[in-house]
K.L.:
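This is the structure I want to talk about, given as structure tokens.
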2 protein chains.
Amino acid sequence: MMSKTSKELLEQFRIQCKARGLSITPQRTAIYEALIGSEDHPRTEDIYNRVKAAFPDMSIDTVYRTLCLFAEIGFVRLVEGYGEAKRYDPDMECHHHFRCMRCGRILDFKEPRFDALEVPQQFKQTCAVSSIKVVLEGVCEQCLQKSVEP
Amino acid sequence: MMSKTSKELLEQFRIQCKARGLSITPQRTAIYEALIGSEDHPRTEDIYNRVKAAFPDMSIDTVYRTLCLFAEIGFVRLVEGYGEAKRYDPDMECHHHFRCMRCGRILDFKEPRFDALEVPQQFKQTCAVSSIKVVLEGVCEQCLQKSVEP
DNA sequence: TTACTATATAAGAATGATTCTTGTTCAGCA
DNA sequence: TGCTGAACAAGAATCATTCTTATATAGTAA
Ligand SMILES: [Mn+2]
Ligand SMILES: [Mn+2]
Ligand SMILES: [Zn+2]
Ligand SMILES: [Zn+2]
């Protein structure tokens, strides 16, 4: 799925950190690696659980701080949601989401037709629009199956 | 903006409550009225502040409970966001949002071209898609002006 | 009207997510 | 190899939200 190898992404990570004067710590590296290995739009606590094996002493505060930093500098993206825990997305390419309103699963999809939607005039002229994306909502395949064979 | 008068909406509110066996309390009515008078996608606390003048003893818990109930039964909609406090939208007609990433303002827009977007095959066949909407993000007019004339 | 009962409310405690404070550690550099 | 500011761990604090419980009241039947 990811268009770059994790090795390439890690190298980019190091370069970007250096360029911004950010230390490359083992914690940051582990959090970054956990992120790029995730396809499920993890919450902060999910990432915390994934790095805990390798870093039993890591504070969850470090994960919160680090994910927030990564979002600021563009390593990850915050996923739109409905006021629950924040979810992060390591895929920085333009793509869209389907959200299951029953189980919370968020599925990615690419759809060139959607990427090319034209920004309405009213915003084009007065605001600075930086992104346009489509959000689908409904019930996912797994949840639909659960409802028929209980 | 709102296509029905507030009198009509209030009448609908009463009818819907009765149909569902829900009591029509002064608190619920006040919260509903505050909602339909709002164009700003208010947070629970905003609504609480707006009804407090008329109901100084109202508990904020009542506002949380009531807005949650209203969302369940389709009087209002939750607005997509990034893990901050929930925001509600009394406009149940199909429309889309522009979100200012600097001040948090959420602007409505109707765009028939966006309402008619076709659901990608992969979801059409396996999932039950109930809504499709477009989210624009960027910096709003007011915030842009602030950045040029400080 | 009145009395009854299930529902709704107020108040405050509890929870979950996140941020802040502080003392300690360590990455990057001389 | 030693310095120093940035990063970290731990735990307190905060913010949004939900839960618990005792009280009040809307809807209704007499
Ligand atoms: Mn994604
Ligand atoms: Mn709206
Ligand atoms: Zn699902
Ligand atoms: Zn703005």
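Heavy atoms only: backbone and side chains are in, while hydrogens, waters and symmetry mates are out. In what follows, chains are A, B, ... by sequence order, proteins preceding strands, each numbered from 1. Just so you know, these numbers come straight off a predicted model, no measurement behind them.
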K.L.:
OH of B/Y48 versus C1' of D/dC15: gap in Å, rounded?
P.N.:
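Rounding to the nearest Å, OH of B/Y48 and C1' of D/dC15 are 15 Å apart.
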K.L.:
State whether a side-chain donor-acceptor pair under 3.5 Å links B/D108 with B/H96.
P.N.:
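B/H96 and B/D108 do not have a side-chain donor-acceptor pair below 3.5 Å.
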K.L.:
Contact between B/K18 and B/I24 at the side-chain level, heavy atoms closer than 4.5 Å - yes or no?
P.N.:
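Of all side-chain heavy-atom pairs linking B/I24 with B/K18, at least one is under 4.5 Å.
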K.L.:
Tabulated below should be each protein N or O lying under 3.5 Å from an N or O of nucleotides 17-23 of chain D; please produce it.
P.N.:
{"residue": "D/dT17", "atom": "OP1", "partner": "B/K86", "partner atom": "N", "Å": "2.9"}
{"residue": "D/dT17", "atom": "OP2", "partner": "B/Y64", "partner atom": "OH", "Å": "2.9"}
{"residue": "D/dC19", "atom": "N4", "partner": "B/D61", "partner atom": "OD1", "Å": "2.7"}
{"residue": "D/dC19", "atom": "N4", "partner": "B/D61", "partner atom": "OD2", "Å": "3.2"}

K.L.:
Between A/S59 and D/dA10, is there a contact of a side-chain N or O with OP1 or OP2 at under 4.0 Å?
P.N.:
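So the side-chain polar atoms of A/S59 never come under 4.0 Å of the phosphate oxygens OP1 or OP2 of D/dA10.
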K.L.:
Just the rounded figure in Å: distance from C1' of C/dA8 to CG of B/D57.
P.N.:
15 Å
K.L.:
B/H41 pairs by side-chain hydrogen bond (donor to acceptor under 3.5 Å, both in side chains) with which of B/R105, B/R87, B/R77, B/H97?
P.N.:
B/H97
K.L.:
When the aromatic ring centroids of A/F98 and A/F109 are compared, is their separation below 6.0 Å?
P.N.:
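Judged by ring-centre distance (under 6.0 Å), A/F98 and A/F109 do not meet the cut-off.
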K.L.:
Rounding to an integer number of Å, can you tell me how far B/I47 CD1 sits from D/dA16 P?
P.N.:
15 Å
K.L.:
Given side chains that start at C-beta, do those of A/I47 and A/Y88 come closer than 4.5 Å, heavy atoms only?
P.N.:
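The answer is no, as the side chains (C-beta and beyond) never meet within the 4.5 Å cut-off.
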K.L.:
With a 4.0 Å heavy-atom cut-off, tell me which residues in residues 18-29 of chain B come close to DNA chain C, sorted by residue number.
P.N.:
B/L22, B/S23, B/T25, B/Q27, B/R28
K.L.:
With a 4.0 Å cut-off on N to O distance, would you call A/K133 and A/D89 a salt bridge?
P.N.:
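Looking at A/K133 and A/D89, the cut-off is not met.
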K.L.:
Tell me whether B/E84 is salt-bridged to B/R43, with the criterion being a basic N under 4.0 Å from an acidic carboxylate O.
P.N.:
no
K.L.:
Taking CD1 from B/I31 and P from C/dA8, how many angstroms apart are they, rounded to a whole number?
P.N.:
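Whole-Å distance recorded here is 13 Å.
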K.L.:
Whole angstrom is fine here: how far is it from CG in A/L67 over to P in D/dA7?
P.N.:
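So the two atoms are 15 Å apart, to the nearest Å.
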K.L.:
Rounding to a whole Å, what distance do you find between A/F55:CZ and C/dT25:C1'?
P.N.:
14 Å
K.L.:
Can a side-chain donor-acceptor contact be found between A/Q16 and A/Q12 if the only test is distance below 3.5 angstrom?
P.N.:
no
